[in-house]
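Down below is the structure, laid out as structure tokens.
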Amino acid sequence: MNIETPISTDEPTDVVAQPQFLTAGLEPLEAFSQRVEMVENALESLEEATGSAARRAVTRLRKELDAFEPAITFLGQVKSGKTTLVNAMAGWSDLLPSDVNPWTSVITSLHLSPGAEKKDISARFQMMEEDEWDRLVHKGGRLGELAGRAGSESELDNIRQQIEVLRDKSRRRLGRKFELLLGQEHEYGYFDKNLLERYICIGDDFYDEDDTSGDVENQGRFADITRSADLFLRSNSKPFRMCLRDTPGVNDTFMMREQVTINAVRASKLCVVVLSAHQALTSVDMALIRMISSLQSRDVIIFVNRIDELSDPATQIPEIETSIRQVLADHKGPEDAQIVFGSAYWANMVLADDIKGISDASSDALLKWADAKDSSNLRQRPPAEIIWHISGLPDLNRVVAERIVEKLGDPQLHKIASSAISVASGQQAANKVRVEGEQAQITMSMHEVRSELNALADRHRAELAAKTAEIIASYQARADRAHINFIERATHSLITHLENKGDSKVWSYDPTGLRMLLKSAYSVFAVRAQRSAKDHYELAVVDIAELYFKAFGTAVEGIELNVPEVQEFPAPVTIAQTIALDFNDSWWVSWWRRTRGYQAFAKQFHALVSAETQDFMEQLKTVQTSQINEQLIATLDAFFEQNRDIMIEIGSSKGDADGLQRICLGKEESKRLELIEGLIADFKHHSAPTHWEGKTE
Amino acid sequence: MNEDDMIDITPQEEQKPRLVLMGEFSAGKSTLTNIILDSQPLPMKVTATRLPPVQISYGAPAAFAIGFDGTRTQIELDGLESVCMDETALIEVHMEAEALELCDLLDMPGISDPNMPAEMWENVITPRDHVIWCTHATQAWRQSEAAIWKILAPQSSGQNLLLITQFDKLQNDRDKMRVRKRVEYETDGLFDAIYPVSLLSALSAGEDESVWIESGVAAFSEHVIALLTGAEPPAPASDETVQMDAPRAKDLRHPSAVTVPEPAPEPEPRIMPRRVASGPRPAVRRLADPEDIAGFGS
Ligand SMILES: Nc1nc2c(ncn2[C@@H]2O[C@H](COP(=O)(O)OP(=O)(O)OP(=O)(O)O)[C@@H](O)[C@H]2O)c(=O)[nH]1
Ligand SMILES: Nc1nc2c(ncn2[C@@H]2O[C@H](COP(=O)(O)OP(=O)(O)OP(=O)(O)O)[C@@H](O)[C@H]2O)c(=O)[nH]1
Ligand SMILES: [Mg+2]
Ligand SMILES: [Mg+2]
């Protein structure tokens with residue numbers, strides 16, 4: 001590890017004092033943030049008011065809430081303006097480097113938290129692991145694997161060349177022993193443009209001797225081997241912490257990073273697809289949107305960028321919207337997707353305090369759009385604010401903020417508040433026990449309670465695991481059947497084609513069917529596994545409640561046990577990974593030309609498609625299911641652990657001399673009880689689903 | 001019902017060379033076609049145009065829809081967009097534009113339109129064709145283009161040119177230079193020449209020579225005329241200023257001058273200062289003034 005302290009003298013200085021209007025649209029998040037603060041305060045009070053055992057449980061809840069950071073991932077074609085838009089959302093033009101050529105090469109997470117700018121800035125870069133790098137350079141990544149399987153020599157040569165260039169470049173940029181850097185993490189106590197360009201920008205492949213701007217020589221130095229970047233900074237315009245995730249563009253000729261983007265989607269519950277107004281919704285965009293939206297409850301937000309480049313936005317924007325909706329409808333996309341139109345360019349000109357610098361053509365478009373968009377309520381505002389409004393950023397902020405609160409924030413708060421109620425009501429029970437003193441009907445020793453609880457936990461864990469395993473097995477069988485059926489049907493279609501048309505006309509086969517079958521197998525599995533988990537959690541609650549009663553008698557009647565919520569399952573994004581059949585590409589044609597004879601065709605095809613799909617079948621069937629299994633068990637374990645802490649607390653209250661003393665002191669104790677009762681009421685307020693009241697739709 | 005039919009239905013007496021315009025949808029293919037024709041028979045719009053391939057050749061003004069079944073139906077010249085995509089393999093347009101004396105034109109639908117079948121681009125290219133590939137400057141040369149061109153290029157025996165369209169959208173010289181260099185690097189060996197162009201300004205250039213030259217279309221048009229007439233194509237200018245100082249370019253919109261027997265009279269060299277337009281330009285409202293924007297909507 002390599003830690004540098006703030007040595008930079010050219011710390012970004014061009015941050016203008018953030019004007020008030022930058023928060024426009026974030027009101028739902030502001031309200032949410034206040035709710036979080038109330039829960040935080042309540043947890044803090046509860047932590048102070050509880051005994052040591054229950055305090056552990058509260059501390060865990062506080063940590064969980066602290067770690068909650070909603071993330072929004074920006075995806076889109078190369079050069080649609082993702083980075084520029086992320087900068088605008090962060091309220092800091094020029095924060096991440098953008099360019100007119102393909103540029104972002106690394107998934108970059110901007111972690112923003114409220115607070116004064118320029119404080120607590122830091123950066124962390126994660127290099128690829130050795131096996132990732134190997135896969136890239138030895139097999140040529142996905143493309144290489146494809147070409148290898150298809151036996152397309154010319155393609156392979158081509159890819160080998162690309163890889164040699166890549167290696168040479170890395171050697172030149174990083175020195176001969178660059179492979180030693182793999183797996184490392186680099187941390188800095190600052191970041192600036194030059195530093196970022198070293199890690200997260202592609203840099204130029206073409207020789208460019210005239211270019212003297214910036215630190216050209218070091219651009220992209222580590223980019224080829226960097227896997228992810230995390231930047232931490234403060235922003236006054238954010239009412240709540242959030243993570244904005246910038247990704248490398250798709251449909252770049254250097255396709256080796258496709259996998260990177262797919263992984264980013266997997267980790268994100270909220271995605272914004274950035275389109276270019278001049279070519280909204282191409283088949284590539286459509287594939288991306290389908291990939292995101294096909295996944296349950298992952299709705300897509302579409303931002304149509306670059307409206308400043310339209311010659312007549314007032315008529316063209318409605319035309320573009322109609323066309324997008326039509327394509328979404330015709331191609332089974334999410335018809336009701338939210339579509340926001342805007343210009344990251346205008347937004348950044350506002351942030352850079354340079355609205356006079358807006359180019360002529362662009363200001364013409366701006367004025368036309370301002371006329372068309374109803375913004376009469378803004379007429380008296382300063383120009384910068386009006387332009388900010390017209391840039392579409394407030395609209396995007398609002399859509400994003402509403403989703404964050406609704407999809408991620410409130411459910412999280414609800415979960416924490418429910419757990420807090422259990423702990424707090426357990427505290428009341430402990431108190432009752434304490435008051436009853438020796439009369440408390442405690443019939444079991446603490447040791448017995450503990451071992452019985454452990455036995456319960458073991459039993460429920462085993463039962464849940466067994467049931468989940470059964471569901472997984474039947475899902476795997478179903479997925480396998482779908483897979484085999486698909487290959488059979490495709491092979492059959494291939495043979496029919498050969499019989500009717502011969503081998504001179506290239507045949508292709510749409511793999512959508514396979515994806516649909518696998519997806520439906522997965523959703524059946526998800527529903528069953530979630531239902532079974534819920535049933536088991538309920539059974540566990542009943543058993544735990546019985547144990548409470550058995551151990552502590554009527555003192556614990558007031559404890560509220562909430563059935564733990566079954567988390568949402570990760571989406572089966574790997575299905576979207578491109579396979580051979582997706583490419584109507586040159587190597588497909590060359591595979592076709594090379595293979596001769598019906599038998600050979602069918603056999604080779606079978607082998608090719610099996611090999612191609614193996615990777616994601618494995619992911620879907622084994623990797624993802626075992627993650628889900630672990631997650632279900634972890635929730636159950638956490639629930640038992642929380643109750644163990646509460647039980648210890650109650651058990652140790654009997655004969656708690658301090659406690660008795662406190663009770664004798666009387667007044668303070670009754671204040672404490674009152675406090676806890678108040679806290680329970682607070683938590684109840686937050687555990688009920690809340691909605692932002694100012695919400696318009 | 002397949003695209004093989006499309007080749008059969010081009011009954012040209014004597015086969016002129018044909019310029020085939022291809023590229024992503026909304027790149028500017030139809031705009032370019034209209035520029036070459038010096039009139040505007042083709043629809044141009046910001047969203048994907050749903051039109052089959054349009055073949056344009058010299059003749060008395062008329063338009064026909066050619067069905068997949070071979071039927072030939074006359075249609076209105078200004079109603080091209082009313083044809084049914086599912087039944088029409090090709091639209092044939094006859095016009096008396098000067099450029100058509102040298103060549104035929106084929107304006108292809110754009111690639112990457114989710115509504116267009118992928119087979120559309122198979123078997124289009126014939127031996128008489130030169131492909132003009134249009135790539136959009138702000139997102140130039142993406143994988144979707146490279147992949148299709150990789151299939152098509154081997155089918156072509158003509159001279160193919162790459163146009164970086166909408167070049168006006170790049171806001172400064174450094175950006176322009178960088179995009180050009182990158183595209184040159186990535187398409188090395190794939191095209192005979194690369195021309196950055198601003199089609200919208202060329203479309204409205206009219207007889208304004210400086211606008212025409214500055215749009216970059218002048219240099220491109222000179223190259224095309226050379227290749228159509230079998231002359232040596234000009235060395236692509238490596239820098240804009242060189243074009244500015246060049247003698248009056250031969251103009252594809254009025255190529256008749258080219259047919260004048262050699263030696264062609266040396267046209268007056270017209271030296272144009274870079275950013276001075278001789279014609280009136282549309283007044284552009286500027287944002288210089290806060291009042292400008294404060295007053296909108298009223
Ligand atoms: N006119 C205009 N230009 C924009 C807009 N958004 C981005 N740009 C410019 O477009 C270019 C590309 O922007 P980036 O933000 O780097 O695009 P990207 O999608 O992040 O690109 P990759 O990371 O390479 O995939 C830059 O020169 C930006 O200044 C916009 O709304 N209008
Ligand atoms: N600013 C600018 N706009 C252009 C340029 N060329 C074309 N456009 C605009 O881009 C849009 C698409 O142009 P078209 O000519 O219809 O594009 P196309 O390639 O024929 O599109 P499809 O037929 O749908 O494949 C239109 O709105 C044009 O006005 C250019 O050089 N600069
Ligand atoms: Mg980027
Ligand atoms: Mg067109």
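FYI, side chains are in, hydrogens and waters are out, and symmetry mates aren't considered; it's all heavy atoms of this structure. The structure presented is a predicted model; accordingly, all values stated were derived computationally and were not measured. Lettering of chains follows the sequences in order, A, B, ..., and the numbering in each one begins at 1.
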Between the side chain of Gln279(A) and the main-chain N/O of Phe25(B), is any donor-acceptor distance below 3.5 Å?
yes
For the CG atom of Asn101(A) and the CZ atom of Arg180(B), what is their distance to the nearest 0.5 Å?
13.0 Å
Value for CG (Asp285(A)) from OG (Ser112(B)), rounded to nearest 0.5 Å, stands at 8.5 Å
Option that, when pairs with chain B are counted at under 4.5 Å, heavy atom only, ranks first among Gln326(A), Met286(A), Gln77(A):
Gln77(A)
Chain B contact via Asp312(A) - which portion, at a heavy-atom distance below 4.5 Å:
neither
When rounded to the nearest 0.5 Å, the distance separating CE of Met116(B) from OG of Ser283(A) is 11.0 Å
Interface check, chain A: of Ser144(B), Ser26(B), Ala146(B), most non-hydrogen pairs under 4.5 Å belong to Ser144(B)
Working for side-chain contact (heavy atoms from CB on, under 4.5 Å), residues Thr282(A) and Asp113(B)
CA-CA 5 Å; Thr282(A) 74; Asp113(B) 175 0; over 6 Å; no
Test side-chain contact (heavy atoms from CB on, under 4.5 Å) applied to Arg182(B) and Val100(A), step by step
CA-CA 10 Å; Arg182(B) 200 249 316 159; Val100(A) 286; over 6 Å; no
Output side-chain donor-acceptor pairs under 3.5 Å for residues 40-50 of chain B, partner residues at least two apart or in another chain, one line each.
| residue | atom | partner | partner atom | Å |
| --- | --- | --- | --- | --- |
| Thr47(B) | OG1 | Glu319(A) | OE2 | 3.4 |

Under 4.5 Å from a heavy atom of chain B, the part of Ser276(A) involved:
side chain
Please identify, among Pro102(A), Gly81(A), Ala277(A), the residue contributing the most non-hydrogen atom pairs under 4.5 Å to chain B.
Pro102(A)
Just distance, no hydrogens or angles: give the donor-acceptor pairs under 3.5 Å from side chains in residues 134-141 of chain B, sequence neighbours left out.
| residue | atom | partner | partner atom | Å |
| --- | --- | --- | --- | --- |
| Thr135(B) | OG1 | Trp141(B) | N | 2.9 |
| Thr135(B) | OG1 | Glu145(B) | OE1 | 2.8 |
| Thr135(B) | OG1 | Glu145(B) | OE2 | 3.2 |
| His136(B) | ND1 | His278(A) | ND1 | 3.2 |
| His136(B) | NE2 | Gln166(B) | OE1 | 3.4 |
| Thr138(B) | OG1 | His278(A) | NE2 | 3.2 |
| Gln139(B) | NE2 | Val78(A) | O | 2.8 |

Cut-off 4.5 Å, heavy atoms of chain B, and the answer for Leu281(A) is backbone
